[in-house]
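The shown structure was predicted, so the numbers you read here are calculated from the model rather than taken from an experiment. Letters A, B, ... mirror the listed sequences (proteins, then strands); counts begin at 1.
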Amino acid sequence: MDAEIYPGKVLPPVVRHISQVKINLYAEASGDFNPIHIDESFASQTPLGGTIAHGMLILAYVSEMMTQVFDSNWLSGGKLSVRFKAPARPGDTVTVRGKVNSLEEKNGVLYATCGVECCNEKGDTVIVGEALAKLISKGTTRGSK
Amino acid sequence: MLPQEIVQLIGKTGEITVLEVEKGAIKKFADAVGDANPLYRDEEYARSTGFGGIVAPPGFFGWPTKWKSAMPFFSEIRQEVVDTIAKAGYSRILDGGIEYDFYHPVRAGDTLSALSKVKDIREREAKAGKMILSVIETTYTNQNGDIVAKAHQTLISR
């Protein structure tokens with residue numbers, strides 16, 4: 001079961017190593033074969049200087065962190081608002097972190113507002129934003145396994 | 001004042017795109033993003049949860065090829081906005097952020113339809129000069145008519 005949610009609570013981070021293999025897998029699963037993600041010789045000729053991970057791949061890591069903590073209240077009722085600040089590249093290790101900033105009641109429903117950020121190993125921000133999750137019927141949808 | 005050809009885009013919608021959500025594709029997506037949650041792949045486990053069956057991870061809205069024109073990042077209407085604004089002299093595109101609202105879980109077996117719309121286009125004066133902000137809204141609806149998610153992408157043209 002989830003520990004209690006309170007302002008200041010640090011969410012368990014999600015750490016991922018980005019590789020070209022993983023980017024290619026995401027391209028296949030998503031159908032997004034933009035050469036900036038998968039064609040190294042093409043990408044090296046662009047101002048980016050090499051392939052970059054799909055922004056939505058990194059966003060999936062943010063969502064994974066939120067699901068681990070908020071479960072069904074994230075999958076239905078969650079709200080994510082982010083900006084892409086820098087690309088993630090093959091060889092990077094990215095860490096998604098989050099913290100509960102505040103708890104607010106809206107129309108009788110309690111919401112947790114979390115600051116979320118994804119950084120690479122150099123400390124550059126890849127994604128930054130805010131995630132909002134409901135705090136009702138906590139834990140009731142957990143499986144029995 | 002925004003040129004008329006840009007103003008005319010406000011409220012314009014793209015075509016509806018339909019996607020059948022298959023169990024195998026959900027697993028493939030979850031594998032690709034490295035998310036080990038059994039909710040996305042283990043039918044028995046998923047049935048024991050409040051969801052009653054396999055659901056798709058929220059990140060799944062950035063999804064397959066035939067779905068492409070329904071994704072805020074790739075929609076044709078987005079391209080039309082980008083191209084029209086570029087013709088008016090603002091050809092540099094910057095990310096202005098994306099927002100997702102998840103209202104209902106997406107289940108294996110669902111048929112989703114998505115519709116993108118130009119929600120707003122406005123001018124803004126910044127230190128660096130004039131820029132144009134465009135907001136593309138994509139609404140995802142399931143076969144029961146429930147809106148399962150909405151995405152808002154903001155583009156900055158300079």
Next item on the list: Taking the six-membered ring for Trp and the full ring for Phe, Tyr or His, determine whether the centres of A/Y26 and B/F29 are under 6.0 Å apart.
Entry: yes

Check: Where is the tightest heavy-atom contact between B/I147 and B/Y103, given as atom of each residue plus distance?
Finding: O-CB, 3.3 Å

Next item on the list: Specify which of B/P38, B/G96, B/G52 makes the most heavy-atom pairs with chain A at under 4.5 Å.
Entry: B/G96

Notebook entry, point to check: What residue in A/K22, A/K85, A/E28, A/M66 has the most heavy-atom pairs under 4.5 Å with chain B?
Noted result: A/E28

Next item on the list: Heavy-atom pairs under 4.5 Å with chain A are the metric here; pick the option from B/A56, B/A46, B/G34 that has the most.
Entry: B/G34

Margin query: Can you give me the closest heavy-atom contact between B/E123 and B/Y90, atom names plus distance?
Written below: OE2-OH, 4.4 Å

Notebook entry, point to check: Looking only at heavy atoms, what is the nearest atom pair of B/R41 and B/N37, with distance?
Noted result: NH1-O, 3.2 Å

Next item on the list: Return the option, out of A/V128, A/L80, A/L25, with the maximum number of heavy-atom pairs under 4.5 Å with chain B.
Entry: A/L80

Margin query: Please classify the contact between B/L39 and chain A as side chain, backbone, both or neither, with a heavy-atom cut-off of under 4.5 Å.
Written below: side chain

Next item on the list: Heavy atoms only: give me the nearest A/N73-A/K134 pair and the separation to one decimal.
Entry: CB-O, 3.3 Å

